[in-house]
Number of protein chains: 2
Amino acid sequence: MQESYIHIEFDQERTLQDQVKEHLVALILNGKLPATEPLPSSRRMAGMLKVSRNTIVLIYEQLVDAGYLISKPRCGYYVAPAFANPEMLLGDDAASDATPVQWQRRFCIRPGNERNIVKPNNWASFEYPFIYGQVQHEFFPIEQWRDCARKTLHERWSRHWIDDRVDTDDPMLIEQLRTRLLPRRGIYAEASEILVTIGTQNSLYLLANLLCRPGVKVGLEDPGFRDARNIFATFGADLHLQEVDDAGLVVDQRLEDCDYLYLTPSHQVPTGAVLSAARRKALLQMAEQHDTVLIEDDYDAEINMQDNPTPALKAMDRNSRVVYIGSMSKSISPGLRIGFMVADEELINEARSLRRLMYRHPPANNQRQLALFLSQGYYDAYLRKIRELYRSKLERMVQGVEHYLPGMLGGSVSSGATSLWLRAPNGIDSEALAWRAAKQSVLIEPGGIHFAGEQPPANYFRMGFSAIAAHKITPGIQTLAGCFE
Amino acid sequence: MQESYIHIEFDQERTLQDQVKEHLVALILNGKLPATEPLPSSRRMAGMLKVSRNTIVLIYEQLVDAGYLISKPRCGYYVAPAFANPEMLLGDDAASDATPVQWQRRFCIRPGNERNIVKPNNWASFEYPFIYGQVQHEFFPIEQWRDCARKTLHERWSRHWIDDRVDTDDPMLIEQLRTRLLPRRGIYAEASEILVTIGTQNSLYLLANLLCRPGVKVGLEDPGFRDARNIFATFGADLHLQEVDDAGLVVDQRLEDCDYLYLTPSHQVPTGAVLSAARRKALLQMAEQHDTVLIEDDYDAEINMQDNPTPALKAMDRNSRVVYIGSMSKSISPGLRIGFMVADEELINEARSLRRLMYRHPPANNQRQLALFLSQGYYDAYLRKIRELYRSKLERMVQGVEHYLPGMLGGSVSSGATSLWLRAPNGIDSEALAWRAAKQSVLIEPGGIHFAGEQPPANYFRMGFSAIAAHKITPGIQTLAGCFE
């Protein structure tokens, strides 16, 4: 009897209507409801599921409209003939005694063997999640984003995102990036010098794929952004690791033979140091003299809340020697995966061809939604709010660390960051500390992964504060301090 | 005087309110409205722009709510102090006499030099667009897709798409693919054997990146999918081109030393041939004996409207020797860029690590929206509709070709395709034909690009019918016939 299938464990996340409809659709498509019998009456179904009869009537009518059910007068609702037979095909599950594929021998690169930053995906269940790179959901401007989705998904605009764009981007988004975002960093670019990507890592991947092979020398910061190092290593580039101090990347003659230099001048990953004006100038001169291309990752520029922000390195670049990479991951949401790259048109053209091969273009609906989010002023209004929020969080962070973890704050605190880089006393192992802290529901990130050497210093750790609620910061640091004993 | 800035060329695509708001936000953010003077009154502004006063009142209030404006009693609206100074920074535009970067010497691969299928991006303005790979906007289930967007963008669900998912996919989408889509092709897979990608090309790119280098032999269909050939060539694989006939790829001993074989068994690209049952069996046996991995591109499986569809090759694969690739580009929209890959868990794990490097994960909002679109039954209801549509279009296509272009229909017509592959008489150059047709507003695709040889046959062409309206098909073919003279 079909009624035995009709049992639903409702969850709290969604409306009863959605869940009942989903269940009935699944039963129909899986062929669990015989076409020869009517469905239970709306009254009976409502009683079985303990939902209102109106809900059931509405769902039955929706399923008639969609073609799943037909209504026979005085008999009730039946599964429509078109859906009477499930479309499932039989698989061939006969056992096999053949030799399995030796995948390990076939892999030409081994990205799975790279060391990665590991973050618990249950971070939201921690009481004090000092995690980097995630955001507080409750501050996401969801109403405004929904408004942009609604407008984008209007018939009038559908042609902007339904079609295959082949290798082009949404011109409205390019215009917003060009006239709205980039000038804030002192960058004035033509549309042909901008390429939209699926986030900063994707920009780096395109560049490494295009420009690197064994024998090409790439300079990187140490400590630095682990994923960048893994990406350049994937294409066999010769890596040169250069140290970092309180004024950012150390600029000296060891960088002179680099073909490329990847750096995070606005807020060094992970230390937060800002590259000094003197070093910026020296770096650009050196790049010119030794034909080095600089890859500037300005990953959190948009939430920089300094009153007199330093322009991007790209703003000082007179000769298309700087490739600029930005993203919306820190300012809006990392889940949407939207980034961009600004560079010489010749490089952008070739990167566009590579992108066409790799995935054609970033999803067009998200491009248009973001363009609208910018043009309708939602983005800038939101930025003002979260900059305020991060400014006040940073104050609490610094005060808390100075009080409970005295002496651990290394160097200058960069005002635009969403994390602090801490140095525990020698002899403290931050991996062990992180485990002890986790037991107290405090999440911190051990810092060893950011160093290149085989024996990285064990006593550094990072505390992000973009995801933790402001009022949790001080008690979180206090609890962490208790884990040092 | 600021009022000189207030002039808008309205377009028909969007509401006046959106356009006025966008214009005012741009003026404020660009510092064009002095903070010392009030904005024109709503009455005056409405008169200047010739829109209703209510519209202006509403926009002013929205801009107050967003923090752009402040309202001073009895004085009017002013730009808020927080927005009084534009954030633009000055760039350094001094001229430079330094040597420019020699990009050409730096490129390690040259994707821009590959021959590509070129499609006019103004295809929608053709009267008879027989273009392949685009869809008719008016049939897109936009109301249902919007409903899914609205539900996804509810606060209750935001955590599913705001966060960085690192290397994971939306479990709800994986479940829908696993239990709803794949069984229709006879494929029963575990969640760990499925990876979501940014479309079919992205699946191929991940595979080629992971598995190919010089010395690795990849078999391809000739004629075949150009982008696949370009992707495998990018990683230096040795390509073997194998011919195709009415029963699909010719299976013989020349394929025996291939490490990989890329094929489109359900509907061969571009001929539409279906790989015969005998060849499928022979191919799987050969693959087993000679340790070949088969890469099955089932690109349009979902709109296959045969009554007894052939299961995927993957359904007969007893030993994880087939990598299955699918996408939603043909069935829903190519602009959304959603595809997936099903293979041995060991391969999927490594591909997932590579994807994590390449772009972390496909945008999470689109994953959830699609999952909902499937689970709420919108997808299957829509499929039934477009299958009917394509069935009737195919009939018109075949009738039109048989009547106006007799003898040009090559081999068997595959019922699941959205294009026909035509062979004009010898001596006809389909490139020249396409130009003549374009002048009559008929868009067809010359077929030479699909062949691998230096001197491809000139007389083949493809006519897609997914984007052209049904009633345009017959007159379009008639017009095309006139271009042969």
Side-chain angles (χ1 to χ4, degrees), chain A residues 13 22 25 66-67 82 87-89 91-92 96 98 103 106-108 111-112 133-134 137 140 142 146 149 153 156 158-159 161-164 183-184 186 188 198 202 205 211 213 231 288 311 315-316 318-319 333-337 346-347 350 353-354 357-359 363-364 366 375 377 381 384, chain B residues 13 22 25 66-67 82 87-89 91-92 96 98 103 106-108 111-112 133-134 137 140 142 146 149 153 156 158-159 161-164 183-184 186 188 198 202 205 211 213 231 288 311 315-316 318-319 333-337 346-347 350 353-354 357-359 363-364 366 375 377 381 384:
Chain A
E13 267 191 342
E22 190 171 309
V25 165
E87 291 197 337
M88 272 75 176
L89 296 177
D92 185 340
S96 160
W103 291 109
R106 288 173 173 265
F107 295 137
C108 297
Q134 301 284 12
H137 300 162
F140 184 88
I142 200 158
R146 200 160 48 213
L153 299 181
R156 282 192 293 221
S158 61
R159 67 183 174 87
W161 58 270
I162 288 182
D163 292 348
D164 181 356
R184 283 207 276 258
Y188 296 83
I198 304 183
N202 186 233
Y205 202 91
L211 302 168
R213 64 180 155 209
I231 289 168
E288 202 63 78
M316 301 166 67
R318 303 184 197 175
N319 210 20
S333 142
L336 298 171
R337 312 294 322 133
E346 205 173 342
L347 176 61
E350 202 71 26
S353 295
L354 178 57
L357 272 190
M358 197 183 275
Y359 55 81
N366 280 349
S375 75
R384 295 296 191 290
Chain B
E13 265 191 341
E22 189 171 310
V25 165
E87 291 195 337
M88 273 74 177
L89 296 177
D92 185 339
S96 160
W103 291 109
R106 287 173 172 266
F107 295 137
C108 298
Q134 301 283 12
H137 299 163
F140 185 88
I142 199 158
R146 200 161 46 215
L153 299 181
R156 281 192 292 222
S158 62
R159 68 183 174 88
W161 56 270
I162 288 182
D163 292 347
D164 181 355
R184 284 206 277 256
Y188 295 84
I198 305 182
N202 186 233
Y205 202 91
L211 302 169
R213 63 179 156 208
I231 289 168
E288 201 63 78
M316 301 165 68
R318 302 185 198 174
N319 209 22
S333 142
L336 298 171
R337 315 291 324 130
E346 205 173 343
L347 176 62
E350 202 71 27
S353 296
L354 178 57
L357 272 190
M358 197 183 276
Y359 56 81
N366 280 349
S375 75
R384 296 297 193 287

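Residue numbers start from 1 in every chain, and the chains themselves are labelled A, B, ... in the order their sequence lines are given, proteins ahead of strands. Heavy-atom basis, side chains included; hydrogens, waters and symmetry copies ignored.
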Checklist entry - Do side-chain atoms of A:Asp164 reach the backbone of B:Gly335 as a donor and acceptor pair under 3.5 angstrom? => result no

Next on the checklist: Can you tell me which of A:Ala364, A:Gly377, A:Pro311 forms the most heavy-atom pairs within a distance under 4.5 Å of chain B?
Outcome noted: A:Gly377

Checklist entry - When you check the gap from the basic side-chain N to the acidic O, do A:Glu346 and B:Arg106 get nearer than 4.0 Å? => result no

Checklist entry - What closest approach, in Å, do A:Ser158 and B:His137 show between heavy atoms, and which atom pair accounts for it? => result OG-CB, 4.1 Å

Checklist entry - Can you list the steps and then say if A:Leu354 with B:Tyr205 is a side-chain contact (heavy atoms from CB on, under 4.5 Å)? => result CA-CA 10 Å; A:Leu354 178 57; B:Tyr205 202 91; 3.2 Å; yes

Checklist entry - Which one, A:Glu13, A:Arg156, A:Gln134, leads in non-hydrogen pairs under 4.5 Å with chain B? => result A:Glu13

Item to check | Contacts of B:Asp163 that satisfy salt bridge (charged side-chain N to carboxylate O under 4.0 Å, His left out) - sequence neighbours left out | outcome: none

Checklist entry - Just by distance, do the side chain of A:Arg184 and the backbone of B:Glu87 share a donor-acceptor pair under 3.5 Å? => result no

Checklist entry - Which atoms form the tightest heavy-atom contact between B:Ala381 and A:Ala66, and what is the distance? => result CB-O, 3.2 Å

Checklist entry - How far apart are the closest heavy atoms of B:Ser353 and A:Gly112, and which atoms are they? => result OG-CA, 3.2 Å

Checklist entry - Taking only residues two or more places apart in sequence, or in another chain, which ones meet B:Glu22 in a side-chain hydrogen bond (donor to acceptor under 3.5 Å, both in side chains)? => result A:Ser375, B:Arg14

Checklist outcome for this item: In terms of heavy-atom pairs under 4.5 Å with chain B, the winner among A:Ile162, A:Ile198, A:Val25, A:Ile142 is A:Ile162

Next on the checklist: Taking side chain as everything from C-beta outward and backbone as N, CA, C, O, which of these in B:Tyr359 sits under 4.5 Å from a heavy atom of chain A? Side chain, backbone, both or neither.
Outcome noted: both

